[in-house]
Enquirer: 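Here you go, one structure.
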Amino acid sequence: MKHTNLIFAILLLLIISTNIANAQEDNKVKLSGKFLTDQRFLIKDQNDWAWNENRLTLKFDKKISGNSKFYSEVWLRNFGLSNINSSNDLYNKGIIDPYNLEVREAYVQLYSFLNENLDIKIGRQRIVWGTADKLNPTDNLNPYDLEDILDFGRHRSSDAISFDYYFNSEFSLHGAFIPFFQPANMPVGIFANALNPSMKLPEGMILMGLNDKINMPEYNLAESSTAGMKFKAFAAGFDFSLSYLWGRDGMPIATYNTFTSVDILGGININTDLAFYRTHIIGADLAGSLGGVGVWAEAALFLPDNQINMKTDLSALYPQGTPTEMTIIDTIVLKKEAYVKFTVGADYNFSDGSYLNFQYMHGFVNERGNDNLNDYFFIRFEKKFFEEKLKIVPIGGGFIVSKWDDMNNNYALIYVPEISYMATDNAEIILSSVIFNGKGDNIFANLSDYNMSMFKLKYSF
Amino acid sequence: MRNLKLSVLLVLFLFAGFNTNAQDADTILKKVDEVMYSPKDMTGETKIVLTNKSGKQSTREANIIQKGTDKRIFRFTSPSSQAGIAVLSLPDDVMYLYMPAFRKERRISSSVKSQKFAGTDFSYDDMEAKPNAEKYSPKLLGTEENAFILELKPKSKKSSYSKVIMKVHKINYYPISVEFYDKGNKKIKEGKSVYKKIGKYWNAQEMTMTNLKKNHSTKMIMSNVKYDQNLSDDEFTVRKLKQ
């Protein structure tokens, strides 16, 4: 009897362990990823290094059961160049060889949660809205990742809970709640000042120092949370959606400037208070095909919660007793009125394998208010050769107009020719240049000193 | 008068002959569709071997699920640079492309349908699971020892082909070979298939498409094919495409 029990126990153990092994085989973590090296140098003088990035992207994908999965994406990077100023820095590997780690995404997705038609996703996630190609005015749930100003449309992820409810295959509702506000991160390296507004000081004043203080929203649900809802439908051959978002603009706006005198020669310091304002965003988009041409349109109506005023405090520059109305200037920087950013675009695949993509955008990510939205025209024509291994982009770039009635002095041109070669199924080498030219106050005209050549290698595994 | 009667009879005979001919071609093509699309649904894996003119080969792998004649999801699993890219084909020429890197689906415009599908010698159009009888008007050109020879003219002006010549197995009605002609009536591609019976259905276990102009070929080898698993329509939605 003892023997029978033992054999039975061993058999049971074998069956269980076999089942576990099979289950693990079916549900094992899939590891994949990509290595990217991105090197850029300026096309002038000594060819200063403009960008150095070696990025290892690791993706972990695990189907936990038939109705759920875990996904994570991590970036491990050597990013930037050594910033050594003293011998002490030589003891710090992080300064000699700057590196960082980012958890880009980490979430669990539950399919048919509580209801057959409901999927939910909890954790750090990228929530992509919009039908346009990388230029998405409705894509405002996640904060912008503006680190690389040339990587249009890049966002970070947010710690969020989101859901999709499918009424049927043609109508669905998407919702997302982000409990903590996270601002956009600004451009780095040579692009660091690209999004800073130009500042005109009164005659005789010389800016000696600029400090700022950011007033973050309080970390509670009322002040810090973001919520959005989107209704998606497919009808008459077109996909379209309507959305609403209540959140904060991810780029800060100046609310109070304090001028202080530094010397008798007109040198001044400016201390600025910055804040992230609440806004309502109503969005709509559509995508489809007309006569073989892929077409899309996307628009977002921004309505700030309140008018934003900026006070400029000059009292330190005036004798004591000067009336306040003379020393504190109040200006409206953003009216409580709606403004609309939009993108329309089209693409076409020619029978010889070439591809054309055109987009018109009104309002870049950093532009706010009806009077400050510029017009952007982007085009890309590419053709593939040698069994699609070689891709040449002879026409790529954009044309920007910041003032139509004085276009000669308010425009920018970006030219981005590119050659890419698939050395193997998983390795792509890309050579390109970016040439900026322009005048006036728009971000790309301000980059005209930074024409650069770029080399990238992408390897997927 | 006699001559007139004879002429009328001859004309009637010719018309009748043409009608029989057309009827036969239609029947054959319908039988081809029955063989190709009679399973309610299908799941399987495919290995795609691309061979260029110097004989160099590269391989891709994908999973396929299909229901009826107009619902299909094709999802790449290899190589790593393409893993996760998926195409959903739905009725009325609706196609979605899912690119995991962008985390969103995109409608494919109809201009892309004449393009190569993921570097293969099949176009998006060739990959479409639409019955031949819906896409083409057939004409029986003749017969061989074991095959009917059909000429298929595209019904849609948007097709990149002027005609397709299909050889159909006389007994089992599966297509043995197909030849594609461009608008200038020049043969540009030819495809050959090896069929094997799985259960009650004929399965194209190997399909080879050769681009004659570029001397480049694509072989699709099917494995793990399963039929009639009662797949729900919900499997063929954007929701599933993104999972």
Side-chain angles (χ1 to χ4, degrees), chain A residues 30 32-34 59 61 63 69 105 109 111 116-117 119 125-131 133-134 136 139 153 164 166 168-170 172 232 234 237-239 287-296 346-351 353 355 384 386-389 422 424-428 458-461, chain B residues 50-54 56-60 71 77-84 88 90 92-97 100-116 118-121 123-124 158 160 182-183 211 214-216 232-243:
Chain A
K30 278 188 208 158
S32 60
K34 189 185 273 183
K59 297 174 193 172
D61 197 337
K63 207 173 181 185
K69 80 162 190 175
E105 283 187 277
Q109 190 162 14
Y111 307 116
E116 188 59 34
N117 300 329
D119 295 345
Q125 57 193 281
R126 174 77 178 96
I127 304 163
V128 184
W129 279 13
T131 50
D133 187 6
K134 292 185 180 176
N136 302 103
D139 193 4
D164 286 284
Y166 297 90
N168 53 41
S169 61
E170 286 160 2
S172 67
K232 293 172 79 174
F234 174 69
F238 277 79
D239 287 300
S289 181
L290 286 174
V293 180
V295 293
W296 55 86
D347 67 353
Y348 190 78
N349 292 276
F350 295 91
S351 55
Y355 171 75
K384 291 176 179 170
F386 306 124
E387 295 155 17
E388 302 192 349
K389 284 183 184 299
M422 290 297 294
T424 71
D425 280 343
N426 291 319
E428 184 180 14
K458 294 177 186 173
Y459 185 84
S460 305
F461 57 89
Chain B
L50 310 176
T51 309
N52 69 11
K53 59 184 172 190
S54 54
K56 197 177 169 190
Q57 292 190 329
S58 58
T59 306
R60 278 135 212 228
K71 289 178 180 159
T77 53
S78 169
S80 302
S81 58
Q82 294 189 5
L88 166 67
L90 293 171
D92 302 321
D93 283 349
V94 175
M95 285 171 93
Y96 289 91
L97 176 68
F102 296 106
R103 285 162 181 70
K104 65 178 176 183
E105 74 283 0
R106 243 204 99 180
R107 282 285 302 278
I108 300 177
S109 70
S110 53
S111 67
V112 87
K113 289 180 181 172
S114 58
Q115 304 292 308
K116 285 170 136 192
T120 70
D121 294 288
S123 65
Y124 282 88
K158 289 179 189 169
S160 47
D182 67 10
K183 298 281 186 192
N211 184 319
K214 296 184 175 171
N215 200 11
H216 187 277
S232 154
D233 283 343
D234 294 341
E235 296 296 321
F236 301 87
T237 57
V238 172
R239 179 189 190 185
K240 290 290 177 184
L241 183 73
K242 287 157 68 176
Q243 289 179 9

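First the proteins, then the strands, lettered A, B, ... as listed; each starts at 1. A quick note: this is a predicted structure, and the numbers were derived from the prediction, not measured.
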Enquirer: Heavy-atom cut-off 4.5 Å, strictly under: side chain, backbone, both or neither for B:Ser78 against chain A?
Expert: neither
Enquirer: For B:Thr77, give me all partners under side-chain contact (heavy atoms from CB on, under 4.5 Å), at least two apart in sequence or on another chain.
Expert: B:Glu61, B:Asn63
Enquirer: Identify which part of B:Lys104 has an atom lying under 4.5 Å from any heavy atom of chain A, answering side chain, backbone, both or neither.
Expert: side chain
Enquirer: To the nearest 0.5 Å, tell me how far B:Leu88 CG sits from B:Tyr96 OH.
Expert: 7.5 Å
Enquirer: Report the distance from atom CG of A:Asn426 to atom CD of B:Gln82, rounding to the nearest 0.5 Å.
Expert: 8.5 Å
Enquirer: At under 4.5 Å between heavy atoms, what parts of residues 236-243 of chain B are in contact with chain A? List them by residue number.
Expert: B:Thr237, B:Arg239, B:Lys242, B:Gln243
Enquirer: Please identify each residue that fulfils side-chain contact (heavy atoms from CB on, under 4.5 Å) with A:Lys134, with sequence neighbours left out.
Expert: A:Phe152, B:Phe102
Enquirer: For the interface with chain A, which of B:Ser80, B:Ala83, B:Gly84 has the highest count of heavy-atom pairs at distances below 4.5 Å?
Expert: B:Ser80
Enquirer: If the plane angle is over 60° it's perpendicular, under 30° parallel, otherwise tilted; pick one for A:Tyr459 and A:Phe461.
Expert: parallel
Enquirer: In terms of heavy-atom proximity below 4.5 Å to chain B, should A:Phe234 be classed as side chain, backbone, both, or neither?
Expert: side chain
Enquirer: At a 4.5 Å cut-off on heavy atoms, which part of B:Ser160 comes close to chain A: side chain, backbone, both, or neither?
Expert: neither
Enquirer: Would you please name every residue forming a side-chain contact (heavy atoms from CB on, under 4.5 Å) with A:Asn349, sequence neighbours left out?
Expert: A:Tyr355, B:Ser109, B:Ser111, B:Val112, B:Gln115
Enquirer: For the pair A:Glu387 and B:Lys56, find out whether any cationic side-chain nitrogen is under 4.0 Å from an anionic carboxylate oxygen.
Expert: no
Enquirer: Where the side chain of B:Arg107 meets the backbone of A:Gly237, is there a donor-acceptor pair that is under 3.5 Å apart?
Expert: yes
Enquirer: When heavy-atom pairs shorter than 4.5 Å are enumerated against chain B, which of A:Gly353, A:Ala427, A:Gly288, A:Ala287 gives the highest number?
Expert: A:Gly353
